[in-house]
Amino acid sequence: MNRREHPQLPVAHWRDVPPADFRLTWAEAGVQLGTNREGRVVALPAGPGPARIAVLGESLFGRLFGLRMLAVGARVTAATRVPAQWHGIAQVAGGRLTVADGVAGWPPGPAAPPSQEGGPQALVCDLRRPPSVTLANGAWRTILHVTRDAPRRSFFWTAPDALLALDARFAEATGRLLGADAARVTAALSPGEVVLFRPAGTEILRLDISPAETALLTPGRHP
């Protein structure tokens, strides 16, 4: 059998010292939330740093976020007043979901990067009283509190990493937390739109929820 001769590949010489304008920066990472008015994907933070997420809305959103945290390898604890509504998610969580009536004992163990023992830790709380802000101290920890009305004088709701208002009817509460401009943006939401406030800017978007997620999130519709 004849062997074909291939020309020698060109030699590349790399500089040992990168150019002065070469920089490595953190990429924005997180759990996909939805798409904004321009069609761009919007994510909630869920990376190596601790994240505190405040949500004005219904407890259903907490279950959606918990489901997506499970999908990216996190261990999730649901501190909830409606444990039965987590039943569908528990069936597919493979032991990585804990449903409790409070936040005592969280986190259940050391948090770690994805694929390592323990993995990231997420706490989803829909209780009236928000979790202590100190629970968010430490890497790979994400805490979300969802309520229809933010508690007054709450440290958790003071300058969170992200604040979501899931409907225009939460404009008054948003204004109390973030000021008159935020209230106006929230009041102007169209049906089905939500607004995400972060230090980096404000996004108006629609949630992307698949039929499979809907089946797991809706009591009585899961297998």
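None of these values were measured; they are calculated from a predicted model. No hydrogens, no waters, no symmetry mates; every other heavy atom, side chains included, goes into these values.
The main-chain N or O of R81 is never found under 3.5 Å from a side-chain atom of D101 such that the two would form a donor-acceptor pair. In this structure a side-chain-to-backbone donor-acceptor pair under 3.5 Å is missing from R198 to L163. In this structure a side-chain-to-backbone donor-acceptor pair under 3.5 Å is missing from Q85 to V82. For the pair R68 (side chain) and Q32 (backbone), a donor-acceptor distance under 3.5 Å is present. With hydrogens and angles disregarded, a donor-acceptor distance shorter than 3.5 Å links the side chain of D161 to the backbone of R52. Side-chain atoms of T214 come within 3.5 Å of backbone N or O of S210 as a donor-acceptor pair. Counting only distance, with no hydrogens or angles, the side chain of T158 and the backbone of S154 share a donor-acceptor pair below 3.5 Å.
The two residues A150 and L56 come nearest to each other via the heavy atoms N-CD2, 3.7 Å. Minimum interatomic distance between I53 and F65 (heavy atoms only, all atoms of both residues): CD1-CZ, 3.8 Å. Taking each heavy atom of L217 and L64 in turn, the nearest pair found is CD2-N, 3.6 Å.
R148 forms no cation-pi arrangement with F170, by the criterion of a distance under 6.0 Å to the ring centre and an angle within 45° of the ring axis.
Taking R75 as the reference, nothing meets the side chain to side chain donor-acceptor pair (under 3.5 Å) condition, with sequence neighbours excluded. Residues satisfying the side-chain contact (heavy atoms from CB on, under 4.5 Å) criterion with R141, sequence neighbours excluded, are W106, P107, A111.
The distance from the CG atom of D126 to the NE2 atom of H145 is 7.5 Å, given to the nearest 0.5 Å. To the nearest 0.5 Å, atoms CZ (F155) and OG1 (T134) are separated by 11.5 Å. In this structure, the separation between CD on Q121 and CD1 on I143 is 10.5 Å, given to the nearest 0.5 Å. Distance check: E213 CD to R63 CZ gives 12.5 Å after rounding to the nearest 0.5 Å. Note that CG of L33 and CG of L44 are 4.5 Å apart. Values are rounded to the nearest 0.5 Å. With values rounded to the nearest 0.5 angstrom, L127 atom CG is found 9.5 Å from T147 atom OG1.
Pairs passing the side-chain hydrogen bond (donor to acceptor under 3.5 Å, both in side chains) check and including a residue from residues 173-189, sequence neighbours excluded, read D149-R176, D181-R184.
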